[in-house]
Amino acid sequence: MAPRRRGAGLRLCATVFLLDMAFCKGFVEDLDESFKDNRKDDIWLVDFYAPWCGHCKKLEPIWNEVGLEMKSIGSPVKVGKMDATSYSSIASEFGVRGYPTIKLLKGDLAYNYRGPRTKDDIIEFAHRVSGALIRPLPSQQMFEHVQKRHRVFFVYIGGESPLKEKYIDAASELIVYTYFFSASEDVVPEYEDGDLSSWINRERFQNYLTMDGFLLYELGDTGKLVAIAVIDEKNTSNEHTRLKSIIQEVARDYRDQFHRDFQFGHMDGNDYINTLLMDELKVPTVVVLNTSNQQYFLLDRLIGSAEDMAHFIRDILDGTVPAQGGDSILQRLKRIIFDAKSTIVSIFKSSPLMGCFLFGLPLGVISIMCYGIYTADTDGGYIEERYEVSRSEIESQEPVEDSKEQEPSGGATLGPTVQEPKDVLEKKKD
């Protein structure tokens with residue numbers, strides 16, 4: 001009886017899971033061409049996807065959870081998804097260039113989401129962008145509450161001024177990354193002279209971060225080098241935890257020295273780094289990336305302490321550690337080949353039949369065309385060769401026939417026939 005109960009339990013769990021998935025899907029609307037005309041009536045959080053995209057399939061259950069959560073908390077933001085391959089004109093109008101693409105649509109404005117594809121991060125993005133551009137802080141208690149809730153945020157202090165106009169312009173562009181507030185003149189923040197947007201870009205990240213591909217892409221706007229401990233978080237050996245602790249210690253204890261030029265963090269696994277470097281990186285290790293020009297620096301020494309790592313970083317700043325990679329023409333060609341190969345492999349892994357259709361059919365057509373051209377050339381050459389041979393035989397036989405026609409009958413000697421005069425012939429006749 002026990003095995004039957006276990007089997008029944010498994011079937012019940014599977015049924016509950018399917019019902020839960022169907023329940024979550026009910027809060028995500030499938031959008032069609034009518035969305036273009038009706039979207040301005042509400043605030044929309046939309047996932048533009050392609051049915052064959054592997055990353056889109058991974059996002060689908062997370063997206064369903066986002067729809068359920070936004071509905072349960074009473075958010076004014078509606079959650080939807082659109083097949084960008086079926087409605088390509090609408091996707092192009094919103095600037096969709098890859099899949100999946102997440103956008104928050106608010107009136108005439110469209111905000112791109114470029115953060116981690118997790119439920120909490122996507123919901124945080126929707127709350128931040130759908131609300132007021134500049135949030136007021138009317139009291140000290142509210143300011144302290146914001147400090148506890150957000151590790152990084154920006155506050156404008158003061159009244160109307162050209163600086164506030166620049167602050168509003170910067171907020172309209174960078175609200176997708178962080179929060180912007182305004183407050184009374186009780187607290188005056190320190191800021192650098194120069195471009196306000198550049199300063200916000202440099203300062204909007206914590207000093208130590210858990211890295212992923214999306215975050216590295218965004219760090220490219222800061223102009224900083226990124227020092228990453230590449231580890232396996234499931235591996236609890238001393239070497240993996242030691243490198244992570246060293247990077248954290250440098251980020252904390254050497255902040256005054258390196259904060260302006262460096263960002264620090266760790267990354268779980270080397271898959272993304274291998275794609276970025278187009279090489280196989282051994283784990284655990286430390287790599288320093290220059291995301292603005294695709295250069296990178298690899299360890300050339302043993303790192304036993306935070307001081308060793310600080311010395312390595314100083315050598316990078318001094319130019320004594322050679323840079324690898326870059327954005328030269330050769331590297332760009334290498335990147336194109338590598339990306340094309342990775343895309344083909346990814347398509348075949350996620351959908352073998354689709355891969356065979358996309359690449360097998362054109363290759364088959366090209367093969368048939370090449371075969372037809374080759375066989376046509378071969379037959380033409382054979383006919384031409386036969387024609388040339390026949391022609392040569394005929395030309396070789398013509399002189400022989402001419403010589404036969406010129407030979408006299410009766411074995412007479414060759415030479416021209418001389419006609420005798422008429423009176424001589426008459427005498428002979430008489």
Side-chain angles (χ1 to χ4, degrees), residues 17 20-29 42-49 53-82 98-106 110-133 135 142 144-154 171 174-181 200-201 203-219 221 226 228 231 233-234 244 248 263-269 271-272:
F17 176 75
D20 183 61
M21 290 293 294
F23 180 72
C24 292
K25 285 184 178 179
F27 298 102
V28 176
E29 296 190 32
D42 299 286
I43 301 175
W44 282 93
L45 184 65
V46 182
D47 168 29
F48 294 90
Y49 69 95
C53 171
H55 294 294
C56 301
K57 294 177 182 178
K58 291 180 181 178
L59 178 63
E60 183 177 5
I62 299 173
W63 197 251
N64 292 332
E65 293 179 6
V66 170
L68 175 61
E69 181 75 13
M70 298 293 280
K71 187 69 174 180
S72 63
I73 63 178
S75 173
V77 179
K78 292 187 175 182
V79 180
K81 62 179 181 178
M82 175 177 285
Y99 311 113
T101 294
I102 299 173
K103 288 179 177 285
L104 188 136
L105 307 176
K106 182 181 176 182
Y111 298 92
N112 290 325
Y113 177 70
R114 297 172 180 170
R117 293 173 186 154
T118 64
K119 183 188 76 171
D120 292 339
D121 288 308
I122 294 173
I123 291 175
E124 174 72 11
F125 164 80
H127 288 330
R128 183 172 63 249
V129 178
S130 63
L133 185 63
R135 291 171 165 83
M142 182 63 72
E144 292 174 355
H145 171 73
V146 170
Q147 276 187 309
K148 293 177 182 178
R149 185 176 179 183
H150 305 294
R151 292 186 177 182
V152 178
F153 63 95
F154 295 89
L174 302 172
I175 188 65
V176 294
Y177 305 122
T178 189
Y179 285 90
F180 294 84
F181 297 92
I200 292 174
N201 260 326
E203 301 299 327
R204 64 188 175 92
F205 296 102
Q206 304 171 42
N207 200 33
Y208 185 88
L209 300 164
T210 300
M211 300 290 181
D212 58 22
F214 300 102
L215 196 52
L216 283 176
Y217 177 82
E218 298 302 328
L219 287 170
D221 295 332
V226 187
I228 307 172
I231 61 173
E233 290 190 331
K234 296 179 181 178
K244 179 180 176 180
Q248 288 175 328
Q263 188 73 45
F264 298 92
H266 75 275
M267 177 176 284
D268 182 20
D271 292 340
Y272 183 81

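Only this structure's heavy atoms are used, side chains among them; waters, hydrogens and symmetry mates stay out. Positions are given from 1 along the sequence.
- One distance of note links CD1 of Ile231 with NZ of Lys244; it measures 5.0 Å at 0.5 Å rounding.
- Scanning both residues, Pro100 and Cys56, for their nearest heavy atoms gives N-SG, 3.6 Å.
- Considering CZ of Arg204 and OG1 of Thr178, their distance stands at 8.0 Å, rounded to 0.5 Å.
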> Given Val176 and Phe125, is the side chain to side chain contact (heavy atoms under 4.5 Å, CB included) satisfied, shown in steps?
Replying inline: CA-CA 7 Å; Val176 294; Phe125 164 80; 3.9 Å; yes
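- Of the possible polar contacts, none joining the Arg114 side chain to the Phe214 backbone as a donor-acceptor pair under 3.5 Å is found.
- Using bins of under 30°, 30° to 60° and over 60° for the plane-to-plane angle, the ring pair Phe180/Phe154 lands in the parallel bin.
- Scanning for side-chain hydrogen bond (donor to acceptor under 3.5 Å, both in side chains) contacts around Tyr99 gives an empty result, with sequence neighbours left out.
- Here OH of Tyr177 is found 11.5 Å from OH of Tyr113. Values are rounded to the nearest 0.5 Å.
- Counting heavy-atom neighbours within 6.0 Å of His55 NE2, excluding the residue itself, gives a total of 12 or less.
- The main-chain N or O of Arg117 is never found under 3.5 Å from a side-chain atom of Asp121 such that the two would form a donor-acceptor pair.
- Between the Ser130 side chain and the Pro76 main chain, no donor and acceptor come within less than 3.5 Å of each other.
- No side-chain heavy atom of Val66 sits less than 4.5 Å from a side-chain heavy atom of Asp47.
- Panel note: side chain Trp63, backbone Gly80; a donor-acceptor pair is recorded below 3.5 Å.
- To the nearest 0.5 angstrom, Ile175 atom CD1 is 8.0 Å from Lys106 atom NZ.
- Between the Gln263 side chain and the Asn207 main chain, a donor and an acceptor come within less than 3.5 Å of each other.
- Side-chain atoms of Met82 and Glu29, non-hydrogen and from C-beta on, never get closer than 4.5 Å to each other.
- Listed for the Lys234 side chain is no donor-acceptor partner under 3.5 Å among the backbone atoms of Asp268.
- Interatomic distance, Ile123 CD1 to Glu69 CD, rounded to the nearest 0.5 Å: 4.5 Å.
- Put simply, the side chain of Phe205 reaches to within 4.5 Å of the side chain of Glu218, judged on heavy atoms.
- Of the residues Val46, Ile122, Ile43, the one that meets the side chain to side chain contact (heavy atoms under 4.5 Å, CB included) test with Leu104 is Ile43.
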> Gln248 and His266: side-chain hydrogen bond (donor to acceptor under 3.5 Å, both in side chains), yes or no, with the steps?
Replying inline: CA-CA 9 Å; Gln248 288 175 328; His266 75 275; 5.2 Å; no
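- Put simply, the side chain of Lys81 never gets that close to the backbone of Val28: no donor and acceptor are under 3.5 Å apart.
- Between Phe27 and Met70, the closest side-chain pair of non-hydrogen atoms is not below 4.5 Å.
- Although no hydrogens or angles enter the test, the distance criterion places no donor-acceptor pair under 3.5 Å between the side chain of Arg128 and the main chain of Tyr179.
- In this structure, Glu233 CD and Thr210 OG1 are separated by 6.5 Å, a value rounded to the nearest 0.5 Å.
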> Does the side chain to side chain contact (heavy atoms under 4.5 Å, CB included) test come out yes or no for Val146 and Arg135, once each step is laid out?
Replying inline: CA-CA 11 Å; Val146 170; Arg135 291 171 165 83; over 6 Å; no
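- Of all the heavy atoms in Leu45 and Ala126, the pair that sits closest is CD2-CB, 4.1 Å.
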